[in-house]
Amino acid sequence: QHSFLRRSLESIDRSVTPWVVVGCHRPIYDVLGRADSMLGRDDVEDVLREFEVDFILYGHIHNAQRTCPIYRGKCTRAKQLGGF
């Protein structure tokens, strides 16, 4: 799955597709602090950041959760307006 994610993100031409949205089943983080978050979180998180994914939708948790942009468990800010 990691290879699939990397290959898929590498193939995107951001001049044609400026917004990248990724969907997953298990969330990377759970604001309620449950321990059923995604396995391999650090590796996946690095790939998502490397390719500047704009928006991620997760399932599994049966309620709505919204957070700030998070990297390594802490809120982050974009390095430049409109992205990381």
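Quick caveat, the model's predicted, so the values are computed rather than measured. Positions are given from 1, in the same order as the sequence printed here.
Using a 4.5 Å heavy-atom cutoff, the side chains of Val21 and Ile56 are not in contact. Contact check for Leu9 versus Val22: side-chain heavy atoms found under the 4.5 Å cut-off.
Remark: the backbone N or O of Ser8 is paired with a side-chain donor or acceptor of Ser11 at under 3.5 angstrom. A side-chain donor-acceptor contact under 3.5 Å links Arg14 to the backbone of Glu52. The main-chain N or O of Pro69 is found under 3.5 Å from a side-chain atom of Thr76 such that the two form a donor-acceptor pair. Judged by distance alone, with hydrogens and angles left aside, the side-chain atoms of Asp54 form a donor-acceptor pair with the main-chain N or O of Val20 at under 3.5 Å.
Considering every non-hydrogen atom in both Gly59 and Pro27, the closest pair reads O-CD, 3.9 Å.
Atoms NE2 and CZ, from His2 and Arg7 in turn, are 11.5 Å apart once rounded to the nearest 0.5 Å. Distance OH/Tyr71 to CD/Glu45: 6.0 Å, rounded to 0.5 Å. A distance of 12.5 Å separates CD1 in Ile70 from CG in Leu48, rounded to the nearest 0.5 Å.
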Can Arg6 and Asp43 be said to form a salt bridge (charged side-chain N to carboxylate O under 4.0 Å, His left out), step by step? CA-CA 11 Å; Arg6 178 172 283 286; Asp43 293 334; over 6 Å; no
